[in-house]
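Shown next, in C-alpha cells, is the structure this report addresses.
Residue numbering restarts at 1 for every chain, and letters A, B, ... go by the order of the sequence lines.
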Protein chains: 2
Amino acid sequence: MGTPLSRDPIAEARRNWEDHGWADVAAPMAAITAIMRTQQILLARIESTLKPFGLTFARYELLALLSFARKGSLPMNKASALLQVHPTSITNAVDRLERAGLVDRSPHPTDGRTTLIELTTAGRTLAKSSTAALNAEVFSAPGFDPGDVDHLIRILGSFRRNAGDFEE
Amino acid sequence: MGTPLSRDPIAEARRNWEDHGWADVAAPMAAITAIMRTQQILLARIESTLKPFGLTFARYELLALLSFARKGSLPMNKASALLQVHPTSITNAVDRLERAGLVDRSPHPTDGRTTLIELTTAGRTLAKSSTAALNAEVFSAPGFDPGDVDHLIRILGSFRRNAGDFEE
DNA sequence: TGAATATACTAGGACATCCAATGGTTGGGC
DNA sequence: GCCCAACCATTGGATGTCCTAGTATATTCA
C-alpha cells in the first residue's frame, strides 16, 4: 500500500497507550491490532492469487468446502455454520458462483426449507486449480517461522474455543 | 453467529489438506485460516462495543490517531499511511466523521494538494470515552493468556516487518 | 520558463459483511 | 388434527474496502 514506515505504527500505538495511563491494557491492544493488520496483509495476498481465477476469498472458501463434502452437496445453513459467516453472505456467494456456472442450487429432497448447493464440473476443476495456486503462492511461504506456525495454531485455537467457536 | 460446533472446523480443514497430499502446507494453511477467523471474532467484539458511540472500528481508528497527533491535525495521506489503508477509505471515513461533527477538514497552509483533518471538541470527547469503553470491554479481557500476548506481538511483529510494513 | 512527471484527494463501481424484516416450511404440543 | 414457535433462505439497506479514473496542485528538469 506504500513504502515501509520508519517505525512500527503498532509499537507506537502501544507507547501512546502506556503514556496515557492505560499501561495495563497496552499489550493486549497491541496484539489485537497486530492481528487486524496481519489479516489484512494475508487477505490481500490471497485475493491477489485468486484474482486470475475470477474468485474472491469468500467464494473460494465455499468452493473448497464443497469440494471436501462427502456427498458432493451441502445445505446452505451448513455452509454458513462451517464457514462461520452470516447466512446472507452465503446467499450472496452462491448467487455469484451460480451465475459463473460453478455451483448449482437444488431443493432438499425432504425438507422444503433448505436449499442444497453442489459443485458443477467446472466448479470442481476450478476448486482444484485455485487450491494448487494458493498452496504454491501463499501457504508454502507464509512468512512465519515454522516454529511460530505451531504457536499460532495453539494460541488461536485456544482463543477460538474460548470464544465459543467449538467445543471439545 | 450460532451454537458452537462439535469440532474445530479449522482442524478439520487441516486434516482435509493432509489427506489430499498437501501435508507440507497444511499447518500454515491452518494458521492463516485461524488468523482470519480470530480477526473476525475480535472485530465483532470491537464493533459491538463502539456501536453505542455511533462509531465503527474504521472511524474509531481515525479518531484515536488524531487524538494522539501532536499538532492536533494530520494530513489525510499521513493518516492513510499510518493506518495502512487505501486513501479512499480515509476519504470515506472523514466524510462520515465530518457529517457527524467529529472532525473538520481544512486546506494545508502551504501545499494546495493536501487536506488537513482535525478533531472537533466533540470528536476529542468521543475519542476519550470510546477508548475507555474499548479498554474496559475488549482489551482488558482479550481472551488470550498473558504469556501468549507477548508471543503474538513478537510473531506478528516479525511477520509484518517481513511483509514490508516497516523497517528497523 | 514550460513541459513532463509525481502527488493528493475525490467520484463511481464492484464486492463482502452484517442487520432487520419478509415469506415459506416444519414439527412438536395441546 | 391444528396451530404457533422455530427454522431457512432471500431481499433491502448500511458500512467498509479496494480499484480505476479524473481533477487539481507541486516538483523536476531540459
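The pair B/Arg15-B/Glu18 fails the salt-bridge criterion, with no side-chain N (NZ, NE, NH1 or NH2) lying under 4.0 Å from an Asp/Glu carboxylate O. Salt bridge status for B/Asp19 with B/Arg14: absent, with no side-chain N to carboxylate O gap under 4.0 Å. Here B/Arg105 pairs with B/Asp95 in a salt bridge; the nearest charged N to carboxylate O distance falls below 4.0 Å.
When the C1' atoms of four end pairs are superposed on the next four at each end of the helix from C/dT1-D/dA30 to C/dC30-D/dG1, using five pairs per end, the two resulting axes differ in direction by 10°, to 10°.
B/Arg154 pairs in a salt bridge (Lys or Arg N to Asp or Glu O under 4.0 Å) with only one of the listed residues (A/Asp148, A/Asp145, A/Asp8), which is A/Asp148. Among B/Val94, B/Leu102, B/Val85, the single residue meeting the side-chain contact (heavy atoms from CB on, under 4.5 Å) criterion with B/Leu62 is B/Val94.
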Show me the protein contacts with nucleotides 27-29 of chain D, counting only N or O atoms at under 3.5 Å.
none

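Between the side chain of B/Gln40 and the backbone N or O of A/Gln84, at least one donor-acceptor pair lies under 3.5 Å.
Remark: the B/Trp22 side chain and the B/Asn16 side chain contain no N/O donor-acceptor pair separated by less than 3.5 Å.
The side chain of A/Ala58 approaches C/dT17 more closely than any other nucleotide in the set C/dT17, D/dT10, C/dT10. Counting only heavy atoms from C-beta on, B/Asn77 has its side chain closest to C/dA8 among D/dT17, C/dA8, C/dC18.
At a threshold of 4.0 angstrom between heavy atoms, the contacts of A/Thr88 include nucleobase atoms, whether or not backbone atoms are also involved. Counting non-hydrogen atoms under 4.0 angstrom, A/Ser48 reaches nothing in the nucleic acid. The residue B/Asn92 sits close to a base: some heavy atom pair falls under 4.0 Å. Counting non-hydrogen atoms under 4.0 angstrom, A/Thr56 reaches the backbone sugars and phosphates but no base. Counting any heavy atom pair closer than 4.0 Å across all strands shown, B/Thr91 reaches a base atom.
The shortest distance between side-chain heavy atoms of A/Arg37 and A/Ile41 falls below 4.5 Å.
For B/His86, a side-chain nitrogen or oxygen approaches OP1 or OP2 of D/dC19 to under 4.0 Å. Side-chain nitrogen and oxygen atoms of A/Thr115 include none within less than 4.0 Å of the OP1 or OP2 phosphate oxygen of D/dC8. Proximity of B/Arg96 to the phosphate of D/dA14: no side-chain N or O atom is located under 4.0 Å from OP1 or OP2. Contact annotation: A/Arg105 side-chain N/O to D/dT10 OP1/OP2 distance is under 4.0 Å.
For the pair A/Leu43 CG and C/dT17 P, the computed distance is 10 Å after rounding to whole Å. Atom-to-atom, CD of A/Glu47 to C1' of D/dC18 comes out at 10 Å; the value is rounded to the nearest Å.
The distance between the ring centers of A/His151 and A/Phe144 does not fall below 6.0 angstrom.
Both A/Thr114 and A/Asp95 lie close to DNA chain D; mapped to their nearest nucleotides by heavy-atom distance, the more 5′-ward contact belongs to A/Thr114.
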